[in-house]
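We're numbering straight along the sequence, starting at 1. All values derive from a computational prediction rather than experimental measurement.
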Amino acid sequence: MLGLRAPKKVAPAAHRSAAAAGPRPCVKQPSQRPNLVANAGGFSSMDSGDWDRLTVEEIEEWGNGGPPTPLLDTVNFPVHMKNFNMEQLRQLCKELRSDIVHSVSKTGGHLSSSLGVVELTVALHYVFNTPEDKIIWDVGHQAYGHKILTGRRKQMTTIRTTGGLSGFTKREESEYDPFGAGHSSTSISAGLGMAVGRDMRGKKNNVVAVIGDGAITGGMAYEAMNHAGFLDKNMIVILNDNQQVSLPTQYNNKNQDPVGALSSTLARLQANRPLRELREIAKGVTKQLPDVVQKATAKIDEYARGMISGTGSTLFEELGLYYIGPLDGHNVDDLVAVLNEVKSAETVGPVLIHIVTEKGRGYVPAETSQDKMHGVVKFDPKTGQQFVSKTKTMSYTNYFADALTAEAERDKRIVAVHAAMAGGTGLTRFEKRFPERIYDVGIAEQHAVTFAAGLACEGLAPFCTIYSTFLQRGYDQIVHDVCLQKLPVRFAMDRAGLVGADGSTHCGAFDVTFMASLPHMVTMAPSNEAELINMIATAAAIDDRPSCFRYPRGNGIGVDLAAHGITKDLKGTPMEIGKALVRRQGKDVCLLAYGSSVNEALVAAEMLEKDGVSCTVVDARFCKPLDTKLIRQAAKEHPIMISIEEGSIGGFAAHVLQFLALEGLLDGGLKFRPMTLPDYFIEHGDYRDQLAEAGLTAGHIAATALTTLGRQKEASKFVLNTLG
């Protein structure tokens, strides 16, 4: 499973205001796609329709060498496509789409989002002069085509691997990536900052923010648009609406799609330079008139544009953006025409271009897949069949979902909350059983936390299920709305620790530090799947304060669940709060581990035993409250104590050291060594490579123990083995 959020799917709602979209039970709705048809020039993107679609016959002809791409082969950078005509641009789109499918089939990664913006990507790089003009992708997994067109095509085979290309945009990777984006809803804020900076420096470049694939559901996007409208700076916002956002695409309050030549002509008309300039002149003239006339004129303009625009236009106009659309996002002719008009218009202020696209466009297996092949492992390009390796155990994500379902079977108060991540958090499994007890709030972590707090106020038992890295976005709400009021919200933090190919943007490094520092918060981390299941039962039972538990990406280690008091349907047994376990008894060194690091500590103990070092391994289980009785005993019985955690500085080790120092347990010669993630971001790659870079493998633990014992020469062999 990829660690990236798959945005929630919201069915078109003809009578629902865009601003009124709020949390609702995740009941599946019938999918509706607008039939994007002809433009004024006669070219039809879906009616004549299959020019951009990859056929099985075409894919079968690729062979191992990949698809024929004669035009794409001539484009190393965007400047190389500037002289292409429209027919060549359409051909380039098809070749780029083929290249993305072929490339991702060999590496895995995010497929359908990039397929959905192929025409937009080509149009943007054709019209604008990157890298001087800035294009910000929100989120970065839409940018595979952008990477291919900006000098990185040969490196696409390395994407998401150790030392290879990032799966997202990244400033250090290319001058064509003006802003990194692994989370979401940030592009308009960043773009506005760039536009203000440009003007202060007297520059004239364009700034374009491409936001979509669910990112528009984030409140930060609306905060930025509100500010952009106030500052009235020149920038372009492109809303990529692929039916995965809380925004209707119908217009005139009728269940009618914005299709055909009329919609295309209206979009071109609204982008027309003389019309916009006339409007600017009219605004200047009306300022000389009495207030009552000015207000009437503004209302006439507002309602007139509401009549000829999509239903979302009034919302954007109220925020101060000039709205254009909806526009067929797969019609490269129209995209180029509109972008050229907007680029050359001599007016002031932000513009929003609303384009309608199809996720997975042109690749039938992606178009017809339930998840649109959002994130994939390696697959057969002919069929879309993914090469999923069989494992003996489930992922921690699925153990969580099934265990939560088992708890909900027995406790009607339990509800699940997630932020556009039903698939990533495993909650689609919970949803199948309890569709009325799960809430997808969109990419809105702040709202998710406070919404869960409100549920808790009414006596429900909410499990707020958010990746560790994304929960950072809702921290003030955790502090003020949950902990300060001592509300029993349960936080399930998936993807804790290092996350492999998803890299630094998705690494769950900081949750122990920021959660365990909060008053009232019970903080837990399991060492295996049985511990996770029992921690879910423990959190469900804690009803007088908030609690949280972190768990890693990857699969369980294969423990006997029944031996840990777990039923066949994965109902766990509540633990004694603050109780650690001794996994192995020794006398020379105490390895005090938290979470998944327990397993590395156990391996390290085996290695050290061969060198004559006897180790105790303690599975802490709780960072807060600590098992102070056990830690005090271990500190008195061992000359050396080493804490190990897959988290940042300031986490579990800090709590242990605080206790040891206050108890005077460091005054008698105890040697304490904390092992944490290093104080820098670890880039994407293989998980074991990341763990080695962090210095948290069993070999590193063994080496730390021997070094602390004064046996440095013997310690080096463990480090060398790790590097080898």
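His141 and Ser113 share a side-chain donor-acceptor pair at under 3.5 Å. Thr616 and His638 are linked by a side-chain donor-acceptor pair at a separation below 3.5 angstrom, with hydrogens and angles left out of the test. Looking at Asp481 and Thr450, their side chains do bring a donor and an acceptor atom within 3.5 Å of each other.
At a threshold of 4.5 Å between non-hydrogen side-chain atoms, the residues Leu657 and Leu666 count as touching. Two residues are said to be in side-chain contact when any heavy atoms from C-beta on lie closer than 4.5 Å; Arg495 and Ser468 fail this criterion. Residues Met607 and Leu706 are not in side-chain contact: their nearest non-hydrogen atoms beyond the backbone lie 4.5 Å or more apart. When side chains are defined from C-beta on, Ile644 counts as touching Leu591, because their heavy atoms get closer than 4.5 Å. In this structure the side chain of Val415 never reaches within 4.5 angstrom of the side chain of Ile438, judged on heavy atoms. Using a 4.5 Å heavy-atom threshold, the side chains of Thr405 and Lys571 count as separate. Contact of the Arg583 side chain with the Val618 side chain is not registered, since no non-hydrogen atoms from C-beta on lie closer than 4.5 Å. Residues Thr697 and Glu600 have side chains in contact (heavy-atom distance under 4.5 Å, counting atoms from C-beta outward).
Heavy atoms from other residues, nucleotides or ligands lying under 6.0 Å from CG of Asp544 number more than 12. Within a 6.0 Å sphere centred on CZ of Arg171, heavy atoms belonging to other residues, nucleotides or ligands number 12 at most. Other residues, nucleotides and ligands contribute only 12 or fewer heavy atoms inside 6.0 Å of the CZ atom of Phe681.
One finds the OH atom of Tyr551 at 4.0 Å from the CG atom of Asp494 (value rounded to the nearest 0.5 Å). How far CG of Asp440 is from OG1 of Thr428: 11.5 Å, rounded to the nearest 0.5 Å. The CG atom of Asp402 sits 9.5 Å away from the CD1 atom of Ile536 when rounded to the nearest 0.5 Å. Taking NZ of Lys378 as the reference point, atom CZ of Phe387 lies at 9.5 Å (rounded to 0.5 Å). Atom CZ of residue Arg410 and atom CZ of residue Arg413 lie 14.5 Å apart, to the nearest 0.5 angstrom. Within the model, atoms CG of Leu677 and CD of Gln690 stand 9.5 Å from one another, a figure rounded to the nearest 0.5 Å.
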**OP:** Give the C-alpha distance, both sets of side-chain angles, the deciding distance and a yes or no for side-chain contact (heavy atoms from CB on, under 4.5 Å) between Met535 and Arg621.
**Re:** CA-CA 9 Å; Met535 285 179 185; Arg621 301 163 102 198; 4.1 Å; yes
**OP:** Quick one: do Leu484 and Val479 satisfy side-chain contact (heavy atoms from CB on, under 4.5 Å)? Show the steps, please.
**Re:** CA-CA 6 Å; Leu484 188 62; Val479 176; 5.9 Å; no
Original post:
When you look at His183 and Thr469, which way does the side chain to side chain donor-acceptor pair (under 3.5 Å) test go after all the steps?
Top reply: CA-CA 9 Å; His183 291 192; Thr469 185; 2.9 Å; yes
**OP:** Decide side-chain contact (heavy atoms from CB on, under 4.5 Å) for Leu471 and Phe491; before the verdict, give the C-alpha distance in whole Å, the side-chain angles of both, and the deciding distance to 0.1 Å.
**Re:** CA-CA 9 Å; Leu471 191 59; Phe491 294 96; 4.2 Å; yes
Original post:
Please walk me through it: do Thr538 and Glu576 pass side-chain contact (heavy atoms from CB on, under 4.5 Å)?
Top reply: CA-CA 8 Å; Thr538 305; Glu576 180 182 345; over 6 Å; no
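At a threshold of 4.0 Å, the pair Arg584-Glu609 counts as salt-bridged, since one of the basic side-chain nitrogens sits closer than that to a carboxylate oxygen. Salt-bridge check for Lys170 with Asp177: failed, with every basic side-chain N at 4.0 Å or more from each acidic carboxylate O. The existence of a salt bridge linking Asp502 and Arg160 is confirmed by a sub-4.0 Å separation between a basic side-chain nitrogen and an acidic carboxylate oxygen. Of the charged side-chain nitrogens involved, none lies within less than 4.0 Å of a carboxylate oxygen, so that Arg437 and Glu431 do not count as a salt-bridged pair. Between Lys587 and Glu637 there is no salt bridge, since none of the side-chain N atoms of the basic residue sits less than 4.0 Å from a carboxylate O of the acidic one. Between Asp619 and Lys579 no salt bridge is recorded (no basic side-chain N to carboxylate O distance below 4.0 Å).
Using modelled atom types, one side-chain atom of Lys147 and one backbone atom of Ser166 make a donor-acceptor pair closer than 3.5 Å. A donor-acceptor contact shorter than 3.5 Å is absent between the side chain of Thr573 and the backbone of Asn534. Checked by atom type and distance alone, the side chain of Thr158 pairs as donor or acceptor with a backbone atom of Leu165 at under 3.5 Å. Side chain of Lys624 to backbone of Ala516: a donor-acceptor contact under 3.5 angstrom is found. Although no hydrogens or angles enter the test, the distance criterion places a donor-acceptor pair under 3.5 Å between the side chain of His684 and the main chain of Gly164. Between the side chain of Arg553 and the backbone N or O of Gly497 there is no donor-acceptor pair closer than 3.5 Å. Under a 3.5 Å cut-off, the side chain of Glu683 and the backbone N or O of Ser504 do not form any donor-acceptor pair.
Annotation: side-chain contact (heavy atoms from CB on, under 4.5 Å) contacts of Ala525 (sequence neighbours excluded): Arg550, Tyr594. Under the rule for a side chain to side chain donor-acceptor pair (under 3.5 Å), Asp686 has no partner lying at least two apart in sequence or in another chain. Residues satisfying the salt bridge (Lys or Arg N to Asp or Glu O under 4.0 Å) criterion with Asp689, sequence neighbours excluded, are absent altogether. Legend: residues meeting side-chain contact (heavy atoms from CB on, under 4.5 Å) with Ala654, ordered by chain and number and at least two apart, are absent.
Taking both residues in full, the closest heavy atoms of Asn555 and Tyr396 are given as O-CE1, 3.2 Å, listed atom of the first, atom of the second, then distance. Closest approach of Ala530 to His564, counting heavy atoms only: CB-CG, 3.5 Å. The heavy-atom pair separating Pro625 from Val522 by the smallest distance is CD-CG1, 4.4 Å. Taking each heavy atom of Ile566 and Leu570 in turn, the nearest pair found is CG2-CA, 3.7 Å. Thr676 approaches Ala653 most closely through the heavy-atom pair CG2-CB, 4.4 Å. Shortest non-hydrogen contact noted between Ile701 and Leu696 is CD1-O, 4.2 Å.
Listed by first then second residue, pairs satisfying ring pair (Phe, Tyr, Trp, His ring centres under 6.0 Å) with a partner in residues 602-634 number zero, not counting sequence neighbours. Sequence neighbours left out, the pairs with a member in residues 643-654 that pass side-chain hydrogen bond (donor to acceptor under 3.5 Å, both in side chains) are Thr513-Ser648, Glu646-Tyr687.
The aromatic ring centroids of Tyr475 and Phe514 lie less than 6.0 Å from each other. In this structure, the ring of Phe718 has its center no less than 6.0 angstrom from the ring center of His700.
Classified by interplanar angle (parallel below 30°, tilted 30° to 60°, perpendicular above 60°), the ring pair Tyr467/His506 is perpendicular. Between Phe400 and Phe549, the ring planes are tilted. Angles from 30° to 60° get that label.
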